[in-house]
Structure formats: C-alpha cells, structure tokens
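Computation of the quantities below employed the complete heavy-atom set of this structure, encompassing side-chain atoms and omitting hydrogens, waters and symmetry-equivalent molecules. Because the structure is a prediction, the values reported are computed rather than measured. Within every chain, numbering begins at 1; the chains are lettered A, B, ... in the order of the sequence lines, protein sequences first and strands thereafter.
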There are 2 protein chains.
Amino acid sequence: MAHSTVSDEDLLSRSAEVFRTYGFEGTSLARLSEATGLEKASLYHRFPGGKEQIALAVAEGTHAWLRLHVFEPLKEPGDPRKKLRAAIEQLRDCYADGTLPCAFEVLSLAGGSPELTNALKDALQAWIKAFTEIAKESGLPTAEARRRAEQAIVQIEGSLVVGRVLGDAKAFRRTLDELPAILTNE
Amino acid sequence: MAHSTVSDEDLLSRSAEVFRTYGFEGTSLARLSEATGLEKASLYHRFPGGKEQIALAVAEGTHAWLRLHVFEPLKEPGDPRKKLRAAIEQLRDCYADGTLPCAFEVLSLAGGSPELTNALKDALQAWIKAFTEIAKESGLPTAEARRRAEQAIVQIEGSLVVGRVLGDAKAFRRTLDELPAILTNE
DNA sequence: TTTTTGATACCGAACGATCGGTAAAGTTAC
DNA sequence: GTAACTTTACCGATCGTTCGGTATCAAAAA
C-alpha cells in the first residue's frame, strides 16, 4: 500500500461532517476536497462513484458507528439503565451536544439515490430495534417497547431540528435527559 | 412562448413546495421556474433579491399561514380541546399527512442568510407561544405548558424526519393523535 | 370609440462561476 | 519496475444572475 495522505476513517468522518452541515445538495466536491485535504480527482480515486458514493459511504459509516458505539454495547450483559446511560453519552458526542445535524435527516431529503435511501432506512430501523430491545430488557412489553423506541428517536431528531432553528441546544439536552424515562419502565 | 401569470399566493405556495422538497441548496431557479410557470428572469422581476429573497418570502409566508390557520384560531374564545382538534387538522394538511418536509427544517440548514435564520426563529417561537397559550388555557401551569408546547413541536418535527427516512407517515399521524394529550391536562 | 402612451410584467439569451466528473501525467512506496 | 495514489488540467452542464427587449393593460389623448 502506497502513500495514502488521509486514512479511510478520517476521510469518511470529515466527509460526514460536511454532509451533515450542508446537506446532500449543499455539499460540493470542492467543499469535500477542502475538508479532507484531497483534490477532487483524488476523491474520485477513493470513491469512483463520486458524490453519491461518498454520501452512501457516509450513511453506511454512520450505521457502523452506531452499531459499534450504541447498538452493540446495549446488547452486552449488564444493567439496562447503566448501558443506556453510556449509550446516551455516545449520542451526545455524535451530535456534538446538539449542534450537528443528523445524517439521517440531511441525507434523506430529495436528491439521493435509491441505494442511499435504503441504507438510511436500514440504519434507522436497526436503531429502532436496538432501542426496542433495551426497553424490553428493562421490563416493557414488546409493543410498548417498540413504541417507546420510536418515540425516543423521534424526540432526538425533533429536538435537533428545533434546536437548530432556535439556535439553542437546550431541547436536545433535555431529550437526552428524558431518554432513560422513555426507554425504561417509569 | 406566451406570457404566463401567477398570483402572489400561488407563486409563494408553489415555491414553498419546491424548497420544502429539495431544501435550500437543492432548489434551483430552474426548478422554481418549472414549478411556478414563470421564466427565471420573471422570478427576478417579482423577487429582485433572487433565490435568497424567495426563500425568505417562503419563511415569512409559512409564518403567515400558521398565524392564519393555527395561531389565531387557537386564540379565539371556545373550548380549548375543540380548537386544538381543528388546528391539528390544519397541520395535517400543511404537512400533506406527513409526506412533505417542514420549511423550518429544510431552510434552517447551513446556507441561508442571517435574515432567513431570524425569520425562521421568529416563526418557530410564535408557534411555541401559541401552543403554550392553549396548554395554559386548558389548565396547565405556565412552565409546564411551555414544556409541553416545545415537546409537541419537537415531536412533529421528529416524526416528519423519521417518517421520511422510513417512508412511512405512521409516526407523524400518531404524533398528531397524541397532540391533545400532550397539550392539555391529561 | 379609437389611438397613444407609459408603466408593469414577462421572456430569451447570455454572463461568469461553479457544478460533478474525467484523462493523463506526476509522485511515492514497495 | 510496478502498483497505489495524488495532482494538474480540463470537460460539458448547470448554477444564480443580468440585461435588452417584448407583451399586456389601464388611463390619457384624440
């Protein structure tokens, strides 16, 4: 392997930040080039499919990140409430304490390929499933657990939007504070 | 090519649909031209400030629509629960039963002018205020009413995002169903 | 009533800039 | 040398925007 200026992980995480900040249509190869330090043509060497492939990789990378830092830890043996508290801190980081939009949101606006749409849907469904499982583990019946899981994610996404418009991450922080009550038996 | 004319209201509502569907960056003058029936140059006659001015007009138009169909009716004398039910049906229409993104969401992504950002913030604050007042009217203390108002809007925005990703408006419909319980004393 | 006129609204064509994308040459590591 | 990788240079298309000119219509002038 010869001379790779920037690692795959860095390349992907920096691209993700650009996409999440400017949206799919607002993300230009020039911006990606600036953010990653790679020339446009170099991006095409890494991602022959161009912008669409980068967006898809960002979506899959987001899924992988969630799997590693949220889904899997929630599955490990241990106190559900304790695991949930750890997962919440991971989410706080992921969204930069409510200041960075969600990839699911910005990449799901019209303009993306069907592949991208599917990747986002898969990842979000996996998220719902992970939250459903932890809610069941803490004693809630299946149907109710599922309802609460969706409710939790709805509230995360919504508070990110509201917080962005109001220029105040208070709503997001409150949502994170309420997550344990939503996902475990109150 | 024959002359084409369109009323200010139509012009604005069609532009709003384009912006809400494709986002600020994804909305091109070509798309606006196609959606409104006016040539690009004609759009500049109506909006000398170009795309930014159209987006600002869409934001202010959204605020005006909400004021007329939601905020003001909620202020009129009458049973709070009844007024709320009517407002909910207006919101269902506004979001095309959960299939059309929210203008606050798509216009608040990076790229808009400070003026636009302010207009969105003002409109959302007015929405929160209107929901707070109706919650107070139905017997909730001020602080709790405000909390519930924000919660209601967070849930609307979040369910729109989740529904868009999952390709299923179920979450949005459920949110509307839950709104009375959120905004009035359960 | 008919004609003239001026303001308003609209359009076709073009601007420079930037878009996503490509080909080929140059550089680095093995 | 060769393969992996990056870069310079470039492409056609589209971006937001501008401008000269045309259509429309109401009011004034005939």
Self-check item: Main-chain N/O of Gly163(A) paired with Lys170(A) side-chain donor or acceptor, under 3.5 Å
Solution: no
Quiz item: Under 3.5 Å, side chain of Arg31(B) to main-chain N/O of Gly26(B), donor-acceptor pair present?
Solution: yes
Quiz item: Can you tell me how far CG of Leu176(A) sits from CD of Gln155(A), rounded to the nearest 0.5 angstrom?
Solution: 10.0 Å
Report the distance from atom [atom1] of [X] to atom [atom2] of [N], rounded to the nearest whole Å.
X: Leu38(A); N: dA4(D); atom1: CG; atom2: C1'; answer: 13 Å
X: Glu39(B); N: dC11(C); atom1: CD; atom2: P; answer: 5 Å
X: Leu43(A); N: dT7(D); atom1: CG; atom2: C1'; answer: 12 Å

Exercise. Look at the side-chain N and O atoms of Ser42(B) and state whether any lies under 4.0 Å from the OP1 or OP2 oxygen of dC11(C).
Key: yes
Practice problem: Give a yes/no on whether any side-chain N or O of His45(B) is located under 4.0 angstrom from OP1 or OP2 of dC10(C). | Solution: no
Self-check item: Pairs where residues 47-71 of chain B contributes a residue and the test salt bridge (Lys or Arg N to Asp or Glu O under 4.0 Å) is met, not counting sequence neighbours
Solution: none
Under 3.5 Å, side-chain donor or acceptor atoms of residues 112-124 of chain A against the rest of the protein: list the pairs with distances, not counting sequence neighbours.
from: Ser113(A); atom 1: OG; to: Leu116(A); atom 2: N; distance (Å): 3.2
from: Thr117(A); atom 1: OG1; to: Ser113(A); atom 2: O; distance (Å): 3.1

Enumerate all atom pairs, one protein N or O and one N or O from nucleotides 14-21 of chain C, separated by less than 3.5 Å.
from: dC19(C); atom 1: OP1; to: Ser28(A); atom 2: OG; distance (Å): 3.2
from: dG20(C); atom 1: OP1; to: Thr27(A); atom 2: O; distance (Å): 3.1
from: dG20(C); atom 1: OP1; to: Lys51(A); atom 2: NZ; distance (Å): 3.1
from: dG20(C); atom 1: OP2; to: Leu29(A); atom 2: N; distance (Å): 2.7
from: dG20(C); atom 1: N7; to: Lys40(A); atom 2: NZ; distance (Å): 3.4
from: dG20(C); atom 1: O6; to: Lys40(A); atom 2: NZ; distance (Å): 3.3
from: dG21(C); atom 1: OP2; to: Tyr44(A); atom 2: OH; distance (Å): 2.5
from: dG21(C); atom 1: OP2; to: Lys51(A); atom 2: N; distance (Å): 3.1
from: dG21(C); atom 1: O5'; to: Tyr44(A); atom 2: OH; distance (Å): 2.7
from: dG21(C); atom 1: O6; to: Lys40(A); atom 2: NZ; distance (Å): 2.7

Exercise. State plainly whether the residues Arg164(A) and Glu105(A) are in salt-bridge range, i.e. N to O under 4.0 Å.
Key: yes
